[in-house]
Amino acid sequence: MTTLIVNGDSRTIEASPDTPLLYVLRDELGLNAAKFGCGLGQCGACTVIVDGKAVFSCVTPVMVLEGRTVTTLEGIGSRDAPGPMQRAFIAEQAAQCGYCIPGMMMRAQALLNRDPHATDESIEAELQPHLCRCGTHMRILRAIRRAAEEMRPKTVEARTAR
Amino acid sequence: MMQAVSRRSVLAGAGALIVAFRLSGTHAQTETGTGGSPSKHGLPGSLDDTPRIDAWIRIDASGAATILTGKAELGQGLKTALLQVAAEELKLPLERLSLVTADTARTPNEGYTAASHSMQDSGTAIRNAAAQARELLRDEAARRLGMSAASLQVRGGEVFGTDGKRLGYGELVRDQLLSVDAGQTSRLTSPADFAVMSRPVPRVDIPAKVTGGAAYVHDLRPEGMLHGRVVRPPSYGATLRDCDVARVERMAGIVKVVRDGNFLGVIAEREWAAVQGMRTLAATTNWIEREALPDEADLPAALMNLPSRDTTIHGTGNPGAPGILVEGTFSRPYLTHGSIGPSCALAQLEEGKLTLWTHTQGVFFLRDAIAGMLRMPAENVRCVHAEGAGCYGHNGADDVAADAAILAVAVPGRPVRVQLMREQEHAWDPFGPGMVVKLKATVGADGAIADWHHEVWSQSHMMRPGPPGTLIAARLKSDPFPPAPPVALAQPEGGGDRNAIPLYAIANCRVVSHFVPDMPLRGSSMRSLGAYLNVFSIEAVLDELAVRSNQDPVAFRLRHMEDPRARAVIESAASRFGWTARVKSSENIGFGIGFARYKNLEAWCAVAVEVEVIRLNGAVRVRRVVAAVDTGQIVNPDGVRNQIEGGILQATSWTLFERVTFDRTRVTSVDWSAYPIVRFDSVPGTVEVHLVDRPGDAFYGVAEAAQGPTGAALANAIRDATGVRFYQLPITPARIKKAMDA
């Protein structure tokens, strides 16, 4: 038995300790966003945030996650109340098939959480582990830049100027 | 019942081979599997096959409409575009429409969702059916109100009379009102009055995809669902010598191990247990393999040496006119579809009836193939489309559906979800075939092309189901089906010879198609089929002719182009790119252009690029891309842009990075490290797509239009930067560096 904090809730996991986090999220907790892409950490489709860092859930056994905090795409907003990253992807229509997108959104979210002023270059570099086969890259980059703008803490002057 | 008996007796008695030929004979001559025969009813798009209006449009008592299509959402934005077309003609707000996509129990049979045909087949059918439904509703209102139909106005799902009276669609619709065949003419909305079409309506599927909604077949979890995995043979034609089924059956959580001939599968309560069972089973299995693959190091020669059926598909003038000669042997390797999500299906057998949720491109053909494989009557098999990861053609979707079907039959009543592993998707993909083009041309003293001779070698690009033998599982079973016969797609759309006939005006021109019936590697349909290499080769030779005769590549193309819409996209791409004023900021910079009208029948697309070639290591940086596209009447401009941008990025990946590798026995490029594709460090600096709007025109297929022109533009730009012409794909840094060091 392993206990994880998933999207703010404490969850007790019955799966065997060697089970990769991905299968726990999808099959036990019914969370759809993290996807099986390769099982090898080569494509990024399974990416979630663990204690603030983007990790490949397909190669992370739950046994190493006891007591740790896991955030999936479902934890940063919902269809009815989308978060800034989700609003940005919808605004830029940054998906074709969309299968790779949740993993990219989570890595971008982790980056912007720790560095709200991430440059275009650092966003591109951060996404290097992720594959998109539809060729949506230009829109994905635009969406993340848009989310960054929205998530950036506004300065006092900017706030009063409004 | 009579049908079932006769079908079963055909399968049992006459033999599978005959079934396979019968299926391929009726279905497989076009890439969509429909439309190959003369018009039945003289109706537009798929209405010709399914003329009943209520096969496409249903309106309920609340006035809401359900639209039915036999095509499938593949991530190309089809759902949104079809809803736009229906909303526009029905004069109903978008939110009052729902859409049912490909389902053998509910929707029209529109063959495969392929060949960029969906808007012209289904979009045209739905547009006309919706317009005629609107007129039927208006006529009914006229009858009830005692007014002339011409005096009535239709908007917002209501019909308005002159005296303030109005009737909603829900009140007007009655049994049988829409249960009529479509007529020959439809009163289509004029583009000037469009309120929904020709607008960038946001995609209806994106919100669920970016918030963790159940968006894919992978996300279905019905009560009692089991997880299946298969063990594939390590190579084509491998036969199973022995395996330790009992050991796997003893493992915790394993429900069943299924062995049927060379087919192996495990079923488990949990997904991870299924994966572990699969791995253990694979590790305890011994296979007998044989060396049957060609020498990859000289694939072009291997392909050209195979027996071929040769057809001159185009011949004008007299060959051999003299001039400056350009010739080359162009080749592409086998390419993999490379869906980011390995294929997945869910199957359930209940009371002798099998239901499959699948991301196949052709639910009706898959149903026939699976029914054939299981020797079940077709009416006892239902295939329901549910989205998968982008497929770009015939990937593992049909194969995994067959796997799931076999496993579901082993545990009646329980739904079984099967997903392929990455290495299975990569190794057993029906690849985009390796191909060769030999092209020889001359430019005369007057600067015009004097002679053109194009020959193309390719295996089939169309090995989809119907015949059960197209499915891996059907070939592996102990009572295997024979391999499906190779299908040569005919001109004018063509298969390996798609776009082999140049659109340019060339007086002396000969094009020969060498159809290779053998299939050294498993192959089938992949985005744009042979068009990618044919356009790549044509546009490379044009470029070379222009350079060697001191003519500007854009001016040289325009000089030989009579089609005004082709000229318009070439001119538009060139002017937006700043072609005439282009200046190399360093000697490492190169500029290139490529053009094609997809299939010589669909959208027109020109692509101009600027690249920088890093001399030290041969790496190519794509600095900017400018495309111009004419797809006729645009339904969703942002959808067209998304498809063309995606096509540009994907074709860039094919051109610079991609190659299926193999030794004499096995495919060896079985993960993303062995089969690299474009990553974020290689994306272009900018990509601009300019749309040529043609209000009131027909829909022309656009989703594959950028593939050939992008590849060609890149090769031409690399030539401009390095002085070296590359004939062999992919144009990798290693090949560039070697050529430049030489």
Side-chain angles (χ1 to χ4, degrees), chain A residues 15-16 18-20 23-24 26-28 30-40 42-45 72-75 77-80 82-83 85-86 89-91 93-102 105 123-141, chain B residues 74-77 200 202-203 205-216 218-219 221 227 252-253 270-273 275 337-342 387-392 419 421-422 638-639 642-643 645-653 671-673 677-681 683-684 686-687:
Chain A
S16 66
D18 63 335
T19 308
Y23 298 108
V24 169
R26 292 188 57 82
D27 300 334
E28 289 204 37
L31 298 168
N32 295 316
K35 301 288 192 294
F36 177 80
C38 63
L40 302 162
Q42 294 179 342
C43 76
T72 73
L73 184 64
E74 289 89 345
S78 65
R79 192 164 176 159
D80 294 332
M85 186 65 69
Q86 292 160 328
F89 272 74
I90 293 169
Q93 292 286 288
Q96 288 184 55
C97 84
Y99 195 91
C100 69
I101 297 292
M105 294 172 76
I123 292 170
E124 272 186 46
E126 185 74 13
L127 288 179
Q128 187 66 5
H130 289 258
L131 294 176
C132 168
R133 188 52 163 164
C134 297
T136 319
H137 303 72
M138 310 309 288
R139 286 170 184 247
I140 292 164
L141 292 172
Chain B
L74 310 175
Q76 81 283 46
R203 287 250 306 264
D205 53 328
I206 286 182
K209 290 177 174 177
V210 300
T211 56
Y216 306 91
H218 307 70
D219 302 331
R221 288 181 205 92
H227 289 274
R270 289 171 188 246
E271 191 168 10
W272 181 238
V275 172
H337 296 84
S339 300
I340 297 298
E387 279 189 67
C391 61
Y392 330 102
Q419 185 168 20
M421 304 303 288
R422 168 53 51 203
D638 193 58
N642 206 349
Q643 284 295 292
E645 286 170 20
I648 287 167
L649 269 287
Q650 191 178 72
T652 298
S653 185
D671 67 12
W672 294 118
S673 71
I677 65 172
V678 68
R679 285 187 185 267
F680 276 89
D681 62 353
V683 306
T686 59
V687 177

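Letters A, B, ... are given to chains in the order of the sequence lines, protein chains preceding strands, and every chain is numbered from 1.
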_So which residue, Val687(B), Asn642(B), Val275(B), Leu649(B), ends up with the most heavy-atom pairs under 4.5 Å with chain A?_
Asn642(B)

*Toward chain A, the part of Val678(B) with a non-hydrogen atom under 4.5 Å*: both

*Are side-chain N/O atoms of Thr211(B) and Gln86(A) paired as donor and acceptor at under 3.5 Å?*
no

*Examine whether an atom of Leu131(A) lies under 4.5 Å from a heavy atom of chain B, and if so say whether it belongs to the side chain, the backbone or both; otherwise answer neither.*
both

*Calculate, to the nearest 0.5 Å, the distance between atoms CD and OG1 belonging to Gln93(A) and Thr136(A) respectively.*
11.5 Å

_side chain to side chain contact (heavy atoms under 4.5 Å, CB included) involving Ala91(A) - partner list, sequence neighbours excluded_ = Arg146(A)

*Passes side chain to side chain contact (heavy atoms under 4.5 Å, CB included), Asp27(A) versus Arg270(B)? Steps please.*
CA-CA 8 Å; Asp27(A) 300 334; Arg270(B) 289 171 188 246; over 6 Å; no

_Quick check on Arg221(B) against chain A: is it the side chain, the backbone, both or neither that has a heavy atom closer than 4.5 Å?_
side chain

*With a 4.5 angstrom heavy-atom cut-off, which part of Ile340(B) approaches chain A: side chain, backbone, both or neither?*
both

*Hey, which of Gly639(B), Gly390(B), Pro342(B) has the most heavy atom pairs under 4.5 Å with chain A?*
Pro342(B)

*Contact class of His227(B) relative to chain A, heavy atoms under 4.5 angstrom*: side chain

*Can you say whether Leu127(A) sits under 4.5 Å from chain B via the side chain, the backbone, both, or neither, judging by heavy atoms?*
both

_Partner residues of Arg679(B) under the side-chain hydrogen bond (donor to acceptor under 3.5 Å, both in side chains) criterion, sequence neighbours left out_ = none

*Taking it one step at a time, do Glu387(B) and Tyr99(A) satisfy side chain to side chain contact (heavy atoms under 4.5 Å, CB included)?*
CA-CA 10 Å; Glu387(B) 279 189 67; Tyr99(A) 195 91; over 6 Å; no

_Go through it in stages, so that I can follow the logic: the residues are Met421(B) and Phe36(A), the test is side chain to side chain contact (heavy atoms under 4.5 Å, CB included), and I'd like the CA-CA distance, side-chain angles, deciding distance and then a yes or no._
CA-CA 9 Å; Met421(B) 304 303 288; Phe36(A) 177 80; 3.9 Å; yes

*If you count heavy-atom pairs under 4.5 Å with chain A, which of Gly213(B), Gly388(B), Gly646(B) comes out on top?*
Gly646(B)

*Check whether the side chains of Asp18(A) and Ser16(A) place a donor and an acceptor atom closer than 3.5 Å, and report yes or no.*
yes

*Interatomic spacing from SG in Cys134(A) to CD in Glu645(B) - rounded to 0.5 Å*: 12.5 Å

_Engaged part of Ser653(B) at the chain A interface, taking heavy atoms whose separation is under 4.5 Å_ = side chain

*Enter the distance from Gln419(B):CD to Arg26(A):CZ here, rounded to the nearest 0.5 Å.*
7.5 Å

*Quick one: which of Pro82(A), Cys132(A), Ala15(A), Ala95(A) has the most heavy-atom pairs under 4.5 Å with chain B, could you say?*
Ala95(A)

*To the nearest 0.5 Å, tell me how far Arg133(A) CZ sits from His337(B) NE2.*
9.0 Å

*Under a 4.5 Å heavy-atom cutoff, which of Leu73(A), Leu141(A), Ile101(A), Ile140(A) has the most pairs with chain B?*
Leu73(A)

*Answer with yes or no whether the side chains of Asp671(B) and Gln42(A) bring together a donor and an acceptor at under 3.5 Å.*
yes

_Need one label for Gln76(B): side chain, backbone, both or neither, based on atoms under 4.5 Å from any heavy atom in chain A._
neither

*With a 4.5 Å cut-off on heavy-atom pairs, point out which of Met105(A), His137(A), Glu74(A) contacts chain B the most.*
His137(A)

*Taking every heavy-atom pair that is under 4.5 Å apart, which of Asp681(B), Asp205(B), Val683(B), Ile648(B) has the most such pairs with chain A?*
Asp681(B)

*Proximal component of Pro200(B), with respect to chain A [non-hydrogen, under 4.5 Å]*: neither

*Please state whether the side chain, the backbone, both or neither of Thr19(A) comes within less than 4.5 Å of a heavy atom of chain B.*
both

*If you count heavy-atom pairs under 4.5 Å with chain B, which of Glu126(A), Met85(A), His130(A) comes out on top?*
His130(A)

*If you count heavy-atom pairs under 4.5 Å between each of Glu28(A), Met138(A), Arg139(A) and chain B, which one has the most?*
Arg139(A)

*Is it the side chain or the backbone of Ala215(B) that comes within 4.5 Å of chain A heavy atoms, both, or neither?*
neither

